[in-house]
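Throughout, a chain's letter reflects where its sequence line sits, starting with A, and its residues are numbered from 1.
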Amino acid sequence: MFVIWLLVISRTEMDKPETTLDTQMLEVNIGPQHPSTHGVFRMNVTLDGETVVRLKPAMGYLHRNHEKIAEGASYLASMPFTDRLDYICSMTNNLAYAIAVEKLAGIEVPERAQYIRVIMAELTRLVNHTLLVGFLLNDLGAFFTPTLYAFREREKILDLFEATSGARMMCNYMRFGGVKADLHPGFMEKLKEIVENYPRFLDEFEKLLTENEILMSRCQHVGILPKHLAVDASATGPLLRASGVDYDIRKVDGYSIYPRFKFRVPLGSVGDVYDRYYVRILEMRESIKILEQAMKEIPPGEFISKQGATGAKSPRTFRPPKGDAYGRIESPKGELGFYLVSDGTPNPYRYHVRPPSFINLTILEDMCLGCKVADAIIILGSVDIVLGEVDR
Amino acid sequence: MSYGLGILKGMSVTLKQFVESYTKKGSIVTVQYPEERREDVERFRNFPILVYDEKPEAPRCVACDICAKECPPKCITIVRDRDEQGRGLQKPKVFDIDLSVCMSCGICEEVCPFDAIFMDHQFELSAYDRMESLNYHQEKLLKPNSYLHQIRPTDATQIDAKLKAKEEAKKKTQPGTTA
Amino acid sequence: MERLDQLFVLLKKIILQFAESFLPAPLLPFLSILVSITAIAIFAPLTMMYLTWLERKVIGRMQNRFGPNRVGIYGLLQPIADGIKMLTKEDVIPLGADRVTHFLAPVAVVVPSLLLFSVLPFGRNMTAVNLDIGLLFFIAVSSIGTLAIFMGGWASRNKFSLLGAMRAFAQMISYEVPLVLSVVTVVMIVGSLSTEKIVEAQSGWGGLRWFVFTPWGFVGFMLFFICSVSEVNRTPFDIPEGESEIVAGFHTEYSGMKFALFYMAEFLGAFAYSAMAATLFLGGWQGPLLPSWLWFGLKTFCLVFTMIWLRGTFPRFRVDQLMSYAWKFLFPMGLSNILAAGIWYHTPFPLSFIFATWILLLSFIGLSRLNPTGTRLERRTYRFAE
Amino acid sequence: MESTEQIQKDLEQKIPAVKLQLERDAFLVDRKDLIAVARFLKENESYKMDYVSCVTGVDYKEYLECVYHLYSMEKKHGPIVLKVRATKEDAKIPSLTPTYRGAEYQEREAYDMIGIIFEGHPDLRRILMWDGFAHYPLRKDYVPEDQDILDK
């Protein structure tokens, strides 16, 4: 009886706190040097107690004007710089740039190179989503355990990248018209091994996390992004699909040879942090399906077209025709696009990057208003930004 | 939904990992670096090296300056060697690579028409100051062809075969002069 | 077996006899207290150091890595290396901080944690100070630590540590209440506050008389353990020093030995609370065969291992969830636990267990259903687009 | 998606007094009726261009150009490219942020890099460079302070 009486009290009294005494707003700068801003990103947050009243992001700490450097260099010379855009998925950055230049110059890509590119892009998606889930749990406070499980799996994939392209994170592997070098001899066995026990890792990961009540109570109905706002604010990638909008550029544009693969696009329902977490786990499972199909169907043949090989051999002589082109792909963080204007010289006249994390930040404030400081941190984590791409 | 099941399931995963770290062999992934080392990966690329066939004085590089022009961060400086009358020789007098600027992207190796520059596997190159000791001059960069065979067997053999084929082709085209 | 069990007590007697020869008689009681104090003063930092080592090794093993193994074999000298590092680290006092409280806070945090050790029954008649109100002393001293944490947070004049200090205050107070309620049941049944008597009340039948096997005892043990994890600011209740949110909470501005003192207080608190949980519910040093102090060590080690295990697995609660969990779930559970214990005490054997478990189960399910901690947590199904 | 000529006819007929030039598959829209065209493309049933994917500022020495790539998430059809020009002296272009929330940061970046002033933008500040920076780095006539970096 006493218990029920207490619960009744707690429902009525505590919900209407009238603040007679004037409280002062606490203005806190979260960042640029902060354990969980995923890089040098600052949020100027005004707090009323613990709840966020105003949040103004400030960026540009890592700005090195990648676009001005690209205008001074030849087309191929900015390929290694695209690795530094989103330094977690360097292969998809290369792929986006290669596709944009191929659209600009009209270069054909042989079959085997298309398959290699799809395999590398999907492996990068696995790397990015695993890392993101790990770091999201880090922001939630789990003392590095999920992150280190994620790193353990990522290492296997990075060893593949190193053996094929020469470097673990800064691969610089794709060329206009194909890839720099063919897959190294032991590639297929290692890939088969990864693809086979990745689902087992994901099941263990889900067993550790998805049903965890603390994670559910911390992430469900937090930082909700309504469907219409997501579309209007051109959010892209898992952030958009978690709000339920069915827009995946691999399906919409069907670039490279993605239409040949059978895979599904997971969609969230509420659009909160929990949906973004779980949509990424489901996307990883879809990527594994694509990898299985690509592994079986990869044909032998040349890994770079003749025209591409000569272009790679002497970048000075690679002069795309006058005009402009906009190539875009579905990078793990969203729509990564390159807008190139060429005036016939070996240097691009205008080189613009459409970075997904930079534009996904437009609605960070809308999601964080009214929630606690701890929520603002995990909402930023769930948006999945990488400062190399935000600041370029 | 009571605070029960999900938490226990999560705890069972970490306990399994804890117990497995003692029982299962592959569970601990750390490589104890100085004692254990990862096996060498053939295509791994770190900083560039110049390759010479017989004598360090005659490297394959002919100072054509293509790699210096193509290098994205512009970290290679080449000065062509001149003999007494001032005519350019097919040999670099100065060939510096500023390792603090080089990002080991491997473009110089791709664009070099004479297969003279390759990416090394040596990564333990710490130095005391950033400026002078990281600006590698020609003597430090030169490595014998045998070293190339040791670190990159497949590529080295292909390149040797290609060079030998070019040699025969040159011998065949002007037999008059040499024969 | 008897000699091994009373090893430390005999040791103390030998020292006293040896000192009798040259010390005047009235000084002897002081000497015996001095011996106990030095024993604790050596034992406590030692346990703290090797608890840090244990935590890093256990969490390392949980994360598929080794944990410290470079300093000494299996990293056993690592705590000593950490200690030296902490000593040599520069001691930064922020410009705006008011220096006295900034300096006093770490001291005020460590002293209560050390005082807790005086009441713990390490073995048969091996309690340092056998107070009749041992348990009350334990609870009272442990709440001083909260004040010291607030002092530390407030004195370093840094917005993050201010947030951390406020959170520490709110959390400690709201978890003190269910802690005390769970202890009230044990005191009610045993009828005395002295830790010795509590342990004796649980002796017999080879361990089946431990309170944890009674329904109210089990719920009391869970309540006590959860509240002690939160009193000590360990995951999942470590919001005062939430690393990912407010940088490092109340000890952001502390470095060098002062940070080490905060760290020591946390681990001493963890050890003391686990020891008290073992005393209250797992029968202190009761146990067949092995000597009493070894049983005490084993039980406390298991509880500390669980605390470390929690730290390696769980994310952190949010502040308001933490408060609502304490006030709307643990507090009512504590009350119904007292009710169940009362009924259990007065009804004969078979009926008592049934009534007590029935009341507790009813309140547990009722509370978790009625619990208005925000929206329901549901497992979601996701649709796929082709 | 119909061909560009058909869209041009459709647009010119639906929105009064709009002059559209075709530039290889993009629409050269005049400054004053940019918002009208954009709003029409967004609301019209057959187009439903509800997603501005990429906003880029380009400096063509005689004039500054702003390129908008519009897509439709609902109907999943391809880009409609709008190009707007402004001379360097009065580099003013009406901002699309009131119609597309997504253009906010991209327009601020175009202002920061090229110097196109977007009228009607809620808070037009520099986004990547620090506020005290006076020049526009991506302009062709921009001379970087420390010269030796780029021209080696």
Can a side-chain donor-acceptor contact be found between A/Thr130 and A/Tyr149 if the only test is distance below 3.5 angstrom?
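A/Tyr149 vs A/Thr130: no donor-acceptor pair found between side chains.
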So, A/Glu206 and A/Tyr278: side-chain donor and acceptor under 3.5 Å apart, yes or no?
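There is such a pair (donor and acceptor under 3.5 Å, judged by atom type) between the side chains of A/Glu206 and A/Tyr278.
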Does any heavy atom of chain B fall under 4.5 Å from the side chain of [X], the backbone, both, or neither of them?
X	result
A/Asp159	side chain
A/Thr164	both
A/Leu76	both
A/Arg152	side chain

Part of [X] within contact of chain A (heavy atom distance under 4.5 Å):
X	result
B/Lys69	both
B/Thr14	both
B/Met103	both
B/Glu42	neither
B/Cys71	neither
B/Val29	side chain

Around A/Phe144, counting heavy atoms of other residues, nucleotides and ligands shown, do more than 12 lie under 6.0 Å from its CZ?
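Counting neighbours around CZ of A/Phe144, 12 or fewer heavy atoms of other residues, nucleotides or ligands fall under 6.0 Å, so no.
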Of all of [options], which one pairs up most often with chain B through heavy atoms under 4.5 Å apart?
options	answer
A/Leu215, A/Asp182, A/Thr145, A/Asp83	A/Asp182
A/Lys313, A/Met170, A/Arg168, A/Met79	A/Lys313
A/Ser314, A/Ala73, A/Ala312, A/Ala163	A/Ala163

Sort out for me which residue in B/Arg152, B/Lys162, B/Arg60 forms a salt bridge (charged side-chain N to carboxylate O under 4.0 Å, His left out) with B/Asp115.
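Option passing the salt bridge (charged side-chain N to carboxylate O under 4.0 Å, His left out) with B/Asp115: B/Lys162.
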Please work out whether the ring planes of A/Phe201 and A/Tyr198 are parallel, tilted or perpendicular, with thresholds of 30° and 60°.
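Perpendicular, since the angle between the ring planes exceeds 60°.
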Between [Y] and [X], is there a side-chain heavy-atom distance shorter than 4.5 Å?
X	Y	result
A/Val101	A/Tyr97	yes
A/Arg392	A/Leu85	yes
A/Phe338	A/Val353	yes

For residues B/Ala68 and B/Ile76, report the shortest heavy-atom separation together with the two atoms involved.
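Minimum heavy-atom separation between B/Ala68 and B/Ile76: CB-O, 3.7 Å.
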